[in-house]
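Numbers here simply count residues along the sequence, with the first being 1. The shown structure was predicted, so the numbers you read here are calculated from the model rather than taken from an experiment. For the numbers below, each heavy atom of this structure counts, side chains included, while hydrogens, waters and symmetry mates do not.
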Amino acid sequence: DVVVLQHAVTNEYDQAAEQMQETVKAVEGMNACFFWPGEDAGNAAMAKVLRLAGNKGTRRLPPGDFLLALLGSQGLVTNSSWGIRECSYLGVSTLNLGSRQSGRERAGNVIDLPHDYKQIRNEIHAQLSIDGEGGWLPSSNLYGDGHAGERIAQILAGEKVREAVA
């Protein structure tokens, strides 16, 4: 199973339908769970592609359920920051499509691809191990280790102690 979460790229809104068609074609015949595109310009064209393909998509899931869907999948096909940030920590293989996340630092879980169904499909089979065990990778702390709040609180507490003493 693959999770598909693709948003329109604001400055490429005129290409949104074509980009979604490439993704839909890439996962044809696979067990794919599509999530509805976000509210960016071009989302209506993407939603139309999903509807015409017979895929209603999932509009909303509570965050915990979305997390379970990702963890139960063989990987994420996306252009969302979820693939770059959260999936790096979770160790979920991610195929990042197009330019939406250009310039962001990436961990080893991310493979960048153009909106080309043949390349996407080939990488799904090769990297997400659709034919095998799944796409699990080691967790990366590139975007943090989950303890930032504690460290911030300690720093702030230390500042308050220093201010009180001064």
Subject >> Where C87 and L70 come nearest, the two heavy atoms and their spacing >> reply: SG-CD1, 3.9 Å
**OP:** Considering non-hydrogen atoms only, spot the tightest contact between P37 and A47 and give its length.
**Re:** CG-N, 4.2 Å
Subject >> Side-chain touch R104/N96, heavy atoms, less than 4.5 angstrom >> reply: no
Original post:
Which distance, rounded to the nearest 0.5 Å, do you find between the OG of S93 and the CG of L76?
Top reply: 10.0 Å
Original post:
Is L97 linked to M30 within one hydrophobic cluster, defined over Ile, Leu, Val, Met, Phe, Trp and Tyr using a side-chain heavy-atom separation of less than 4.5 Å?
Top reply: yes
Original post:
Salt-bridged, R151 to D145, with N to O below 4.0 Å?
Top reply: yes
**OP:** May I have all residue pairs that pass salt bridge (Lys or Arg N to Asp or Glu O under 4.0 Å) and include part of residues 4-28, sequence neighbours excluded?
**Re:** none
Subject >> Heavy-atom pair with the smallest gap, counting every atom of M20 and L50 >> reply: SD-CD2, 4.1 Å
**OP:** Please identify each residue that fulfils side chain to side chain donor-acceptor pair (under 3.5 Å) with N109, with sequence neighbours left out.
**Re:** T94
Subject >> D112 CG to E123 CD distance, which is reported to the nearest 0.5 Å >> reply: 10.5 Å
Original post:
Where the side chain of Q74 meets the backbone of V2, is there a donor-acceptor pair that is under 3.5 Å apart?
Top reply: no
Subject >> Derivation and outcome, side chain to side chain contact (heavy atoms under 4.5 Å, CB included), residues V110 and Q101 >> reply: CA-CA 11 Å; V110 178; Q101 300 303 324; over 6 Å; no
**OP:** May I ask whether L113 and Y117 are part of the same hydrophobic cluster, defined by side-chain heavy atoms of I, L, V, M, F, W, Y residues being less than 4.5 angstrom apart, directly or through others?
**Re:** no
Original post:
Can you name the closest pair of heavy atoms from A41 and A8 and give their distance?
Top reply: O-CB, 3.0 Å
Subject >> For S73 against V3, the heavy-atom pair lying closest together >> reply: CB-CG2, 3.7 Å
Subject >> With R100 via salt bridge (charged side-chain N to carboxylate O under 4.0 Å, His left out) - residues at least two apart >> reply: D40
Subject >> same_hphob_cluster(L5, L68) at 4.5 Å side-chain heavy-atom cutoff >> reply: no
Original post:
Are W36 and V4 connected in the hydrophobic side-chain network, where two residues link if heavy atoms are under 4.5 Å apart?
Top reply: yes
Original post:
Between F34 and V24, does a side chain to side chain contact (heavy atoms under 4.5 Å, CB included) hold up when you go through it step by step?
Top reply: CA-CA 9 Å; F34 278 85; V24 168; 3.9 Å; yes
Original post:
Where do S81 and E86 come nearest, in terms of heavy atoms and distance?
Top reply: O-OE1, 3.7 Å
Subject >> Results of side chain to side chain donor-acceptor pair (under 3.5 Å) for T23 - residues two or more places apart only >> reply: Q6
**OP:** For R85, enumerate each residue passing the side chain to side chain donor-acceptor pair (under 3.5 Å) test, keeping only those at least two apart in sequence or located in another chain.
**Re:** none
**OP:** Under the salt bridge (charged side-chain N to carboxylate O under 4.0 Å, His left out) rule, collect the residues that match up with D116, sequence neighbours excluded.
**Re:** none
Subject >> Separation between CD1 of I111 and CD1 of I120, rounded to the nearest 0.5 Å >> reply: 12.5 Å
**OP:** Evaluate the side-chain proximity of H7 to S80: yes if any heavy-atom separation is below 4.5 Å, no if none is.
**Re:** yes
Original post:
Is it the case that one hydrophobic cluster holds both W82 and L61, taking links as side-chain heavy atoms less than 4.5 Å apart, direct or via other members?
Top reply: yes
**OP:** Inspect the surroundings of CZ in F66 and state if more than 12 heavy atoms from other residues, nucleotides or ligands are less than 6.0 Å away.
**Re:** yes
